[in-house]
Each structure stands twice: as C-alpha cells, then as structure tokens.
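Presented below is the structure to which this report refers.
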Amino acid sequence: MRLFAAVLPPAGALAELGEAADRLRALPGAGELRWTSRPGWHLTLAFMGEVAEETVPALCERLDRAARRTAPLGLRLTGGGHFGRRALWAGVDGDLDALRLLAGRCEAAARRAGVPMEDHRRYRPHLTLARARRDTVDLSPYLALLDAFEGTPWTAGELSLVRSNLPPGGPAGSRPRYETVACRPLAGPG
C-alpha cells in the first residue's frame with residue numbers, strides 16, 4: 001500500500017481554505033492547473049511510498065510512539081507558495097518547530113519499521129492546492145491572492161497514517177483517493 005503520515009486539518013480550517021481556493025480557481029488560466037481534491041487536503045509529514053502490508057503493524061506501533069511523545073499543536077493555514085513552477089500550496093503557521101519534530105519522528109518511525117525512505121530533506125509544512133500541467137504557467141496571480149489568506153488557528157490533536165489509492169488507469173486528471181488507515185492522538189507533555 002502507498003502510505004504517508006499526515007496531520008488532517010479540521011473541517012472549519014478546510015472550509016476557509018476552500019473559499020480562498022474558489023477565488024484562485026476563478027482566475028484566468030486556472031484550467032491550466034490540476035487542482036487537488038478538497039476531501040484529500042492534508043499536511044504530509046512523511047511520505048513512505050509503497051509499504052508491504054506485513055510492515056504496517058510495526059509502522060503503526062512506531063507512529064503511536066511518535067504521537068505519544070508529541071503534544072497537540074497550535075496551527076493555522078496561511079499564505080502560500082510554490083515548489084518550482086509546478087506546485088502551488090497553502091502555508092502553515094503556528095507550532096512549526098514541533099510540527100517539524102513530529103515529521104522527523106514519523107520519518108524515523110518508518111525507517112525503524114523497515115520502510116525504505118528517500119534521503120532526508122528539511123521538512124516544509126504546506127498543503128498542496130494545485131499542480132501545473134506544464135512549467136510555463138505563471139503562478140504569480142495565485143500567489144498574490146494567497147498572500148492575503150489567513151485562516152483561523154486550530155489545534156492538531158492527531159497523527160494519521162493515510163493510504164493513497166491511485167486511480168488504476170482511470171481517465172486523465174483522475175485524482176487519488178485517500179483512506180485513513182490509523183489515527184493516533186498527540187499526547188505528549190504540553
């Protein structure tokens with residue numbers, strides 16, 4: 001199964017971001033972007049890729065330890081940015097040092113459970129909104145609107161292990177479906 005560890009923002013935070021995304025999608029040229037599906041919006045902590053089913057129990061046990069060592073996090077969605085000329089994202093503010101620590105713990109948990117992980121890169125919290133179909137799309141109008149976005153603060157109280165179900169040979173533009181495999185409460189000292 002294709003898995004990743006994530007924080008899932010609450011419905012209210014996603015609704016606020018959804019209103020901002022509606023304004024972005026109304027901009028000229030928005031059809032040149034492949035917009036992510038709102039039900040799947042999340043903050044990826046550690047992408048694990050394909051994980052053998054027999055590895056999942058050990059992975060869940062290790063993620064449970066990571067969650068127990070981490071206190072609930074005060075976060076909010078705000079602003080935005082891009083990776084290269086292809087990915088447009090909403091930013092995150094709040095307990096970012098603790099969020100980065102949790103991301104590192106998730107990556108270490110996966111490695112200890114036997115999941116081969118890519119080389120470690122500095123964690124950059126974000127929520128992907130869209131991907132350009134080609135690298136000639138001008139993202140600056142979208143970034144200008146996102147700069148003004150400031151969501152309401154919320155508390156992240158769970159770590160989720162999520163399965164990404166890729167559409168098998170579906171139509172062009174098909175999006176993955178996300179299924180929560182396990183949730184662990186963030187229960188560390190606060």
**Asked** Looking only at atom types and distance, does a side-chain atom of Ser164 sit under 3.5 Å from a main-chain N or O of Tyr178, one as donor and one as acceptor?
**Response** no
**Complete:** Nearest heavy-atom approach of Leu186 to Ala156 is CD1-O, 3.4 Å
**Prompt:** With distance as the sole test, does Arg62 use its side chain to make a donor-acceptor pair with the main-chain N or O of Ala110 at under 3.5 Å?
**Reply:** no
**Same apolar cluster: Leu129 and Leu143, side chain cutoff 4.5 Å** = yes
**Prompt:** Does the side-chain contact (heavy atoms from CB on, under 4.5 Å) test come out yes or no for His42 and Val162, once each step is laid out?
**Reply:** CA-CA 10 Å; His42 61 272; Val162 180; over 6 Å; no
**Item:** Closest non-hydrogen atom pair between Ala182 and Arg184, with its separation
**Value:** CB-NH1, 3.7 Å
**Asked** What's the shortest heavy-atom distance between Ala58 and Ala113, and which atoms?
**Response** C-CB, 4.0 Å
**Message:** Using a 4.5 Å cut-off between side-chain heavy atoms of Ile, Leu, Val, Met, Phe, Trp and Tyr, which other residues end up in the same hydrophobic cluster as Phe83?
**Reply:** Trp89
**Asked** Do Thr180 and Leu161 have side chains that get closer than 4.5 Å, going by heavy atoms?
**Response** no
**Message:** For the CG atom of Leu99 and the CG atom of Leu101, what is their distance to the nearest 0.5 Å?
**Reply:** 9.5 Å
**Complete:** The reported gap from CD in Glu54 to CG in Leu59 (rounded to nearest 0.5 angstrom) is 12.5 Å
**Complete:** To the nearest 0.5 Å, atom CD of Glu19 lies from atom CG of Leu14 at 12.0 Å
**Prompt:** Under 3.5 Å, is there a donor-acceptor pair between the side chain of Tyr123 and the main chain of Thr44?
**Reply:** yes
**Message:** Between Leu102 and Phe4, is there shared hydrophobic-cluster membership here, with clusters defined by ILVMFWY side-chain heavy atoms closer than 4.5 Å?
**Reply:** no
**Prompt:** Which heavy-atom pair separates Glu158 from Cys183 by the least distance, and what is that distance?
**Reply:** OE1-SG, 3.9 Å
**Prompt:** Within a radius of less than 6.0 Å around CZ of Arg68, do more than 12 heavy atoms belonging to other residues, nucleotides or ligands occur?
**Reply:** yes
**Fill in**
Nearest heavy-atom contact between Leu145 and Leu27 is CD1-CD1, 3.7 Å
**Item:** Ring centers of Tyr142, His82 separated by less than 6.0 Å
**Value:** no
**Item:** Euclidean distance, Arg85 CZ relative to Thr136 OG1, rounded to 0.5 Å
**Value:** 7.0 Å
**Asked** Could you give the distance from CD (Glu16) to CH2 (Trp154), rounded to the nearest 0.5 Å?
**Response** 11.0 Å
**Prompt:** Does Val92 reach the side chain of His126, with side-chain heavy atoms less than 4.5 Å apart?
**Reply:** no
**Request:** Would you mind checking if Asp97 and Arg100 are paired as a salt bridge, meaning a charged N to carboxylate O distance below 4.0 Å?
**Result:** yes
**Message:** A side-chain contact here means heavy atoms from C-beta on lying under 4.5 Å apart; do Met117 and Met48 qualify?
**Reply:** yes
**Asked** What's the verdict on side-chain contact (heavy atoms from CB on, under 4.5 Å) for Arg86 and Arg131, showing C-alpha distance, side-chain angles and the deciding distance?
**Response** CA-CA 5 Å; Arg86 293 243 177 187; Arg131 291 179 181 83; 5.7 Å; no
**Asked** Quick check: does any side chain N or O of Thr55 sit under 3.5 Å from a backbone N or O of Val51, one acting as donor and the other as acceptor?
**Response** no
**Arg105 side-chain N/O to Arg69 backbone N/O, donor-acceptor pair under 3.5 Å** = yes
**Asked** For Glu150 and Leu77, what are the C-alpha separation, side-chain angles and deciding distance, and is it a side-chain contact (heavy atoms from CB on, under 4.5 Å)?
**Response** CA-CA 6 Å; Glu150 198 167 306; Leu77 300 171; over 6 Å; no
**Prompt:** Closest heavy-atom contact between Leu63 and Leu159?
**Reply:** O-CD2, 3.5 Å
**Asked** Would Leu127 end up clustered with Phe47 when hydrophobic side chains under 4.5 Å apart are linked, directly or stepwise?
**Response** no
**Request:** State plainly whether one hydrophobic cluster holds both Leu8 and Leu73, where clusters connect Ile, Leu, Val, Met, Phe, Trp and Tyr through side-chain heavy atoms under 4.5 angstrom apart.
**Result:** no
**Message:** Any non-hydrogen side-chain atom of Leu75 less than 4.5 Å from a side-chain atom of Pro153?
**Reply:** no
**Prompt:** Donor-acceptor pair, Asp93 side chain versus Thr78 backbone, under 3.5 Å?
**Reply:** no
**Message:** Between Leu88 and Leu146, is the side-chain contact (heavy atoms from CB on, under 4.5 Å) condition met? List the steps.
**Reply:** CA-CA 10 Å; Leu88 179 68; Leu146 277 173; 3.9 Å; yes
**Asked** Any Lys/Arg nitrogen of Arg134 or Glu32 sitting under 4.0 Å from an Asp/Glu carboxylate oxygen of the other?
**Response** yes
